[in-house]
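Single-structure report; data block below.
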Amino acid sequence: MGNRALQPVSINGIEFDALISSTEAYEASVPEYPVETGFTVSDTVILNAETLEMTLFLSNRPVTWARRFGASANRVGQVTRQLRELYFQKSLVTVSTGSGSYTNMAITSLSIPRTNSMMDAVEIPIKFKKVRVTASRTAVIPDSYGKSGATAAPAGTANTSAASTGASGGNEAAGGDAQGSSSVAYGIASKFGLFK
């Protein structure tokens, strides 16, 4: 005894007659370089966005879900028009199947066949990719983290102009060129008398 679907496959509420095929795909990027023993390997494995590939069946005179849909001379045209609108709006969609629901999916590929008989029934291949949606958060940082050293004076910014202007003559005064006169760190260190 097979499992009977309790509801038709739908994309943002747009319902289809049947799901012909469906494939979920999961891929991960793994490091190309050696990993040191004891290092947590899962930190270097990057999970890529999940994908879903489906082939859906749609007709003007549905056999499955006939009571739900009824017969219509232009149902195929209406539904394919709605799918094109979703694609061009770049909307994130929810895909519901008998086996589960997929949220925040973007349509990456959509094929709508054209026939001479005005598309009385069509198979529609469609592909989706999951978009990970996150929320930004603001954290309050205590004042103590914005202070420097034992004096707890504001860290501020370094003044590099004094070090770069006095650099040409400061090197000889310090007694050599080992530290490099254009170094900002050397200029600050010599200002506090660390190189004498």
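All values derive from a computational prediction rather than experimental measurement.
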Side chains of Met54 and Ile20 in contact at under 4.5 Å (non-hydrogen atoms): no

According to a 4.5 Å side-chain heavy-atom criterion applied to Ile, Leu, Val, Met, Phe, Trp and Tyr, with indirect links allowed, do Phe57 and Leu19 form part of one hydrophobic cluster? no

Please lay out, stage by stage, how Ile11 and Ile126 fare under the test side-chain contact (heavy atoms from CB on, under 4.5 Å). CA-CA 11 Å; Ile11 301 170; Ile126 188 167; 3.9 Å; yes

So if you build clusters from Ile, Leu, Val, Met, Phe, Trp, Tyr with side-chain heavy-atom gaps below 4.5 Å, do Ile124 and Leu52 land together? yes

Residues which pass side-chain hydrogen bond (donor to acceptor under 3.5 Å, both in side chains) with Ser91, listed by chain and number, not counting sequence neighbours: Gln89

Are side-chain heavy atoms of Asn12 and Ser10 found at a separation under 4.5 Å? no

Which value, rounded to the nearest 0.5 Å, describes the distance between Glu85 atom CD and Ile14 atom CD1? 8.5 Å

For Phe128 and Val95, what are the C-alpha separation, side-chain angles and deciding distance, and is it a side-chain contact (heavy atoms from CB on, under 4.5 Å)? CA-CA 9 Å; Phe128 304 91; Val95 180; 3.7 Å; yes

On a heavy-atom basis, which atom in Phe16 and which in Val79 lie closest, and how many Å separate them? CE2-CG1, 3.8 Å

Using modelled atom types only, decide if a donor and an acceptor are shared between the side chain of Thr97 and the backbone of Ser99 within a distance under 3.5 Å. yes

Could you tell me whether a side-chain N or O of Asn104 sits under 3.5 Å from a main-chain N or O of Arg132, the two making a donor and an acceptor? no

With a 4.0 Å cut-off, would you call Asp17 and Arg75 a salt bridge? yes

Hydrophobic clusters here meaning ILVMFWY residues chained together by side-chain heavy-atom distances under 4.5 Å, can you tell me if Val131 and Phe88 are in one? no

Tell me which one of Ser21, Ser111, Ser109 satisfies side chain to side chain contact (heavy atoms under 4.5 Å, CB included) with Pro125. Ser111

With a sphere of 6.0 Å drawn around OH of Tyr87, does it hold more than 12 non-hydrogen atoms of other residues, nucleotides or ligands? no

Heavy atoms of Leu83 and Ile107 approach each other most closely as O-CD1, 4.5 Å

The single option from Lys127, Glu24, Lys129 that satisfies side chain to side chain contact (heavy atoms under 4.5 Å, CB included) with Glu53 is Lys127

Does the side-chain contact (heavy atoms from CB on, under 4.5 Å) test come out yes or no for Ile112 and Leu110, once each step is laid out? CA-CA 7 Å; Ile112 301 173; Leu110 172 65; 4.0 Å; yes

At what distance, to the nearest 0.5 angstrom, does CD of Glu50 lie from CD of Glu27? 11.0 Å

Spacing of CG belonging to Leu92 relative to NZ belonging to Lys130, to within rounding of 0.5 Å: 9.5 Å

